[in-house]
Structure formats: C-alpha cells, structure tokens
Amino acid sequence: MNMIVCVKQVIDPEAPPASFKIDAATNSVVPPAGVPPVISPFDEQAIEAALRIKDAKGGKITVISLGTGLLRDVVKKPLSMGADELILLEDPAFDGGDSWSTAAALAAAIKKVGEFDIVFCGRQAADWDSGQVGSGIAEILGLPSVTLAKKVEVGDSKVTVERVIPDGYEVVEVGLPALITVSNELGEPRYATIKGIMSAKRKEPIIWAPADLEIDTAQIGAAGRRVKMLRLFQPVREGACEIIEGEDEADAGANLAAKLAEVKLL
Amino acid sequence: MADNKGVLILAEVVDGKLAAIATELLGVGRKLADDLGEELGALLVGSEVSGIAQEAIAFGADKVYVVEAPALKDYRTDSYVPVVEKVAKEVMPKILLMGQNSVGRDLAPRAAFRLETSVSTDCVELAIDADSKQLLMTKPVYGGNARAIYTTESMPQMATLRVKAGEPLERDDARKGEVVNIDAGLDESAIRTTVKDTVLEEIKGIKLEDANIVISGGRGIGGPEGFQELEELARMLKGAVGASRPPCDSGWVPDTIQVGLTGKIVSPDLYIAVAISGSSQHLAGCGGSKNIVAINRDPEANIFKEAAYGVVGDWKKIIPAFKEKAKGLLA
C-alpha cells in the first residue's frame, strides 16, 4: 500500500489565546514568542490513519509539506512516528497561496511521486480553517474523495471509511486510488519513538522547487490565489463577567443557582 | 463574468422539509440579492423534492431550480458535484452559497474547484460591498482567534455559511415565485462511492442543537463518571449535555456531543461551561449562546471573558450544591 500524506506546519493552535497577535499593517499573524510551530493536529491524525494501515498491511508512507521556514524538528515528526519519506515544497514561489494554489502545487507534487493508492489530508488546517485543499487535490487529480474520516480500513482494491455525520457516521466504500480527509474522531495520534526520532534525524528531506514539478508558476503561491484577503482582525470581546461568590465553593454554587433563577435563566 | 447575475443558494431538505440551514441561507441570500437588485434562486436537489419548492419561495426565493433523480436521494460527492456544476453553468449566478455542514463541507470545495472558482468556507457574515458590488466574506480563522474578510474576482463567488449565523425570514405563503425544472443528466456509473450503512448515535432526551439549556464539560471533568453528574443535572433542568473536544477525543463521551469548530454549533438561552478553559475553537461552537456561565478553577481561564456569570472553583464542589439549590427553586 503506497500512501501519501499532506501535512502543514502551523502556529500551535493550543497556544494560549492571549498570546495571539495580529500585525494589522500586513494582515498577518505574529507567531507567539517561545511557542514553536507544530504539524496541524488534523494532519497528524492523517499520519496516524496511514500508520494504522501500514501496521496492518505494510506499505510506504510519503509525507509532503508545503511552506516556508519549515523547522526540521517539526516537519520531521511524521518520520519519527513511522513515515518513510519526506518531501518539502519549500520555495518562496509556493508561499502566500490560498486553497486553490496550494492544492495545485500539492497535486503536481503527488503526480511526480507517481505511484500511490491513498492520499490522506487533515480535514482542515488549524490556521485558516478552510478545509478544501484535500477535495481540491482530488478534483485536480480526478480521484474519488471521502471527507471527514474517523476510521479507514483497507480491503482488496478498495477502502472502507467511516465518515463523520452530525449524529453518527456513514460507512462509505471507495475504490483505489482515492483521497481521504481525516477528522479528529479518528483518535489520538501515536507518540514518536526514540528509535523513530533517531532514524528521522538521519533522514534528509527531499526538496522540490516549482521547476521540479510540471506546473506553471502563475498557478502557485501568491500568484495563483483566487481569493484576496481584505482584512484580518481580532473580534472584540465584550467580557463583563459577574463572578458569583460564596462562603466556600459549594455556597458559591448555590448562589449561582439563585442568581440564574433571579434572572429567569432557570 | 459580466453575464453572471443573481444569488443562488443550495436548499437542503431534511425529513421532507427545508433544512434550518436552507431557511438561514434564504434569509441571508435575500438581503444580498436585494442589495444587488437581482434575483434570489434556490437549488433543490433530491429524489422527491419538487413539493418543497413553494416552501423555498415562502422563505424568500424568487426562483426555485428543481433537480430530481432517484440517485440524488442521499448526498454523494460524485452525484451532487456534477449537478451543482450543471446548474451553475446554466443559471450563471454571481453568488453561490451553501451551508457549512456535512454536505457543504464536502460539496462546496469540490464544486468550486470543478467550476474553476474559489470558495470561502464557514462564513459568519456575508455582505455586498457598496462600491465594488463584490461579496465580502467574513470567516473566523485560527480556530476563532481572528476573522478574515475575503473577496474574489472569480465567478461565481462561492461561500459556505456557518450554521445559525444567518437569520431566516418570516415564512410568507403569499409570496410568489417561479419553479424551473432542470434535468439532472446524471451518469450513475461515475459515482465512485457506495454508502454501505449509516450508523446513528442514539439520542437520550433532548437533542443538543434544540436544547434551551446546555451543560458542557471539558478536560477538567476528568472522566466519564463526571459526565454522568452533568447528565443528571441536565435531566433535571430539561437540558442537554455537550462537551469540548478533549473529553470526546479521550473517549469519555461520544464524539457526537462535541461542541465547537469541528463539532456542533449550539445557541441555547443558557450554556453552562464546566471545567472548560474556553479555547477559541470551542467558543466557535457555543459563542452564539444567549448567556454563558463559566465554572472553572482557573480565574484566568479564557471562558470567563465570554461568560455573563462565573464561579471560580472546583466543579466537584460547585455542581452538587448548584443542583441541590436549583432543585429546591424548581420544585
């Protein structure tokens, strides 16, 4: 089973909200000091989905990441979890893209990798929360897609996917090759092992520039954007919380009930 | 591009009626169409949906495009994308809107790429720019820490609207409109996925999205036992129990009760957040609640910034006393 997983380096979404800052002049986010970036959590779950298949059936996992300023310790994490190969689309020409131009570049890279049975992506990246690069890659490559997977099982020449719906899940069968996006319901991704970290250290990523892919540079990065961001801002929080107190915690709890009854919320 | 006209919304049908999101899209779409001085169309797709066309008109549509085929009974990527493509090419709308739900999340991006346009997903505000007449698409980004306003030159301008972000119009059955049938023209052999089964979580009591009171627990609840306590309280208050992501990811509670960016969006009168720190991605699911009450040990927890009332302390001591007092008050 040949699998490709697309991952993105993002600002850690678990960083405290108070550390989140915007530079209004450039409409960009200021990376919080002292908080290193991470692989977008849904992408780590996509890695986990691929690793579970590798555990059960064997196979090769190729990871592709697009971005600039990619920290090796961060983007090598999938290798230390058990992936086999890392390809970086790390070139200024790929930078500043939107979903359209990012999917175009990743699709071109996947085509260059050549042989694959499944392409995995996270359901959305934790920065722009757009959730369309996976479907976009599938559309460009003409692959069937199943989004929001919580479980993926491989049979003979087809995959069975449990797809999250509001009150449960659908069991969807799709032939190979296919693209699958993974949701957090898949469960916690595994930790890197010491052995994995050692072998990841020795492994050098393959770096592809636009010239290595058969793609017009007008299609990628900022040049290929189809949406324009007019403004990026932090919504104002009104924040006037009335703290209910009491003689002790229990008393405060009782006072809260009394207060809510008084304002007719109970 | 100059030929594109009007606003078209995807009107989803649930249990033989317009879905709530469809009425919300019609409400938002009506305003956009009026601001442009153009028509509002609704697209109805399914196996037997023509009977719902009048309902779409009553909620604001000028024109309803009906695409019916047995294969369109349930949503499938490979059957719905070609329908949207065909209708978009025939109708040529300036703006095409869908809901940000399990259909729109899957359909909108793929349809946008097929139509060689773009889509801004999960918008909470849509407006027409007074000067450029372009669609201004506002969406939360970075898990809700920030908002971005997007525009696009590509046609149709596509967006998905967050559930409960739009206000439906008052239903008016006197409203007149036109119904247009469009042939599905489906090639069923091109449908590459098969749905083998649909497994639904059994819902005890009141549905989370419909409850007037929601009691949600976070990581600080510590395990499934704690959630039983919240459930007892919810039963007493005739509410429903929700959760932030960590308890779902840890398997303490079913994934289906997750409230947040990637879970359910709720807007009850009273939302009691117990041992929830208040990450932006959780607030994306409960920020529309009329009143948020926070119970948390950490006085600096972000949730207090959103709450109208709060108690600082250990929920294990606060909740039993709260319940006891509430029981007396409700008796």
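Chain letters run A, B, ... following the sequence lines, proteins first, then strands; residues in each count from 1.
Looking at Ala294(B), there are no atoms closer than 4.5 Å to chain A (heavy atoms on both sides), in backbone or side chain. For Lys139(B), the part lying near chain A is the side chain, with the backbone staying farther off; criterion is any non-hydrogen pair under 4.5 Å. At a 4.5 Å heavy-atom cutoff, the contact between Pro166(A) and chain B is made by backbone and side-chain atoms alike. In this structure, no portion of Ile257(B) lies under 4.5 Å from any heavy atom of chain A. Contact annotation for Leu143(A): only backbone heavy atoms (N, CA, C, O) come within less than 4.5 Å of a heavy atom of chain B. Heavy atoms of Leu148(A) lying under 4.5 Å from chain B belong exclusively to its side chain. Ala308(B) touches chain A through its backbone: at least one of N, CA, C or O sits under 4.5 Å from a heavy atom, while the side chain does not. Within the 4.5 angstrom heavy-atom criterion, no atom of Thr160(A) approaches chain B. Proximity to chain B is limited to the side chain of Val29(A), based on heavy atoms less than 4.5 angstrom apart. Heavy atoms of Lys238(B) lying under 4.5 Å from chain A are absent altogether. For a residue to count as touching a neighbouring chain, one of its non-hydrogen atoms must lie under 4.5 Å from one of that chain's; by this rule Ile292(B) does not touch chain A. Both the backbone and the side chain of Thr193(B) have a heavy atom closer than 4.5 Å to some heavy atom of chain A. Neither the backbone nor the side chain of Leu186(A) comes within less than 4.5 Å of any heavy atom in chain B. For Asn291(B), the part lying near chain A is the side chain, with the backbone staying farther off; criterion is any non-hydrogen pair under 4.5 Å. Contacts between Leu200(B) and chain A at a heavy-atom distance below 4.5 Å involve backbone atoms as well as side-chain atoms. With a 4.5 angstrom heavy-atom cutoff, Ala258(A) touches chain B via backbone and side-chain atoms both. Proximity to chain A (any heavy atom under 4.5 Å) is restricted, for Gln258(B), to the side chain, taken from C-beta onward. Only the side chain of Phe20(A) comes within less than 4.5 Å of a heavy atom of chain B; its backbone N, CA, C and O stay farther away. Neither the backbone nor the side chain of Ala18(A) comes within contact range of chain B, judged by heavy atoms closer than 4.5 Å. There is no contact between Glu162(A) and chain B, counting heavy-atom distances below 4.5 Å. Only the side chain of Val263(A) comes within contact range of chain B, judged by heavy atoms closer than 4.5 Å. Using a 4.5 Å cut-off between heavy atoms, Val293(B) contacts chain A through its side chain alone, with no backbone atom that close. Proximity to chain B (any heavy atom under 4.5 Å) is restricted, for Lys150(A), to the side chain, taken from C-beta onward. In this structure, the portions of Asp106(B) lying under 4.5 Å from any heavy atom of chain A include both its backbone and its side chain. Using a 4.5 Å cut-off between heavy atoms, Ile22(A) touches chain B through its side chain atoms alone. For a residue to count as touching a neighbouring chain, one of its non-hydrogen atoms must lie under 4.5 Å from one of that chain's; by this rule Lys264(B) touches chain A with the side chain only.
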Show your reasoning for whether side-chain hydrogen bond (donor to acceptor under 3.5 Å, both in side chains) applies to Arg123(A) and Ser183(A). CA-CA 5 Å; Arg123(A) 60 174 288 168; Ser183(A) 190; 3.0 Å; yes
Under the criterion salt bridge (Lys or Arg N to Asp or Glu O under 4.0 Å), I'd like the reasoning laid out for Arg76(B) against Glu170(A): C-alpha separation, chi angles, the key distance, then a yes or no. CA-CA 11 Å; Arg76(B) 301 288 162 259; Glu170(A) 292 177 329; 3.8 Å; yes
side-chain contact (heavy atoms from CB on, under 4.5 Å), that's the test. Do Thr151(B) and Asp129(B) meet it? Break it down for me. CA-CA 10 Å; Thr151(B) 58; Asp129(B) 184 85; over 6 Å; no
Go through the steps to decide whether Phe42(A) and Val182(A) satisfy the test side-chain contact (heavy atoms from CB on, under 4.5 Å), and finish with yes or no. CA-CA 7 Å; Phe42(A) 300 115; Val182(A) 177; over 6 Å; no
Run Thr77(B) and Leu107(B) through side-chain contact (heavy atoms from CB on, under 4.5 Å) and show every step you take. CA-CA 6 Å; Thr77(B) 315; Leu107(B) 175 60; over 6 Å; no
Would you check, one step at a time, whether the test side-chain hydrogen bond (donor to acceptor under 3.5 Å, both in side chains) holds for Asp122(B) with Gln124(A)? CA-CA 12 Å; Asp122(B) 200 20; Gln124(A) 65 201 62; over 6 Å; no
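When the candidates Asp269(B), Thr121(B), Ile149(B) are compared by the number of heavy-atom contacts under 4.5 Å with chain A, Ile149(B) comes out ahead. Between chain A and the options Ala108(B), Gly313(B), Ala148(B), heavy-atom pairs under 4.5 Å are most frequent for Ala148(B). Ranked by heavy-atom pairs under 4.5 Å with chain A, the list Gln100(B), Arg114(B), Glu201(B) is led by Arg114(B). Contact count against chain A (heavy-atom pairs under 4.5 Å) is highest for Lys196(B) among Arg105(B), Lys196(B), Lys317(B). Taking chain A as the reference chain and counting heavy-atom pairs below 4.5 Å, the highest number among Glu116(B), Lys290(B), Lys316(B), Lys207(B) is found for Glu116(B). Comparing Asn184(A), Val227(A), Leu260(A), Thr147(A) by heavy-atom pairs within less than 4.5 Å of chain B, the highest count is held by Asn184(A). Taking Ala252(A), Ala138(A), Gly175(A), Ala103(A) one by one and counting their heavy-atom pairs under 4.5 Å with chain B, the maximum is reached by Ala138(A). Each of Gly131(A), Pro235(A), Ala178(A) has some count of heavy-atom pairs under 4.5 Å with chain B, and the biggest count is that of Pro235(A). Of the listed residues (Val174(A), Asp167(A), Ile244(A)), the one with the most heavy-atom contacts under 4.5 Å to chain B is Asp167(A). Ranking Gly253(A), Ser135(A), Ala261(A) against chain B, the residue ahead of the rest is Gly253(A), based on heavy-atom pairs under 4.5 Å. For chain A, the option among Asn145(B), Ile318(B), Val311(B) with the highest count of heavy-atom pairs below 4.5 Å is Asn145(B). Chain B forms more heavy-atom pairs under 4.5 Å with one residue of Glu188(A), Glu14(A), Arg163(A) than with any other, namely Arg163(A).
Taking OG1 of Thr256(B) as the start and CD1 of Ile165(A) as the end, the distance is 10.5 Å to the nearest 0.5 Å. The line from NZ of Lys151(A) to CD of Glu185(A) is 14.0 Å long, rounded to the nearest 0.5 Å.
With a 4.5 Å cut-off on side-chain heavy atoms, Leu66(A) and Lys8(A) do not count as touching.
With 3.5 Å as the limit, one finds a donor-acceptor pair spanning the side chains of Thr117(B) and Ser154(B). For Arg110(B) and Ser145(A), the side-chain atoms include at least one donor-acceptor pair closer than 3.5 Å.
Formation of a donor-acceptor pair under 3.5 Å by the Asn27(A) side chain with backbone atoms of Leu230(A) is found in this model.
Other residues, nucleotides and ligands contribute more than 12 heavy atoms inside 6.0 Å of the CZ atom of Arg226(A).
Trp128(A) and Tyr150(B) have perpendicular rings, their planes meeting at more than 60° on a 0 to 90° scale where under 30° would count as parallel.
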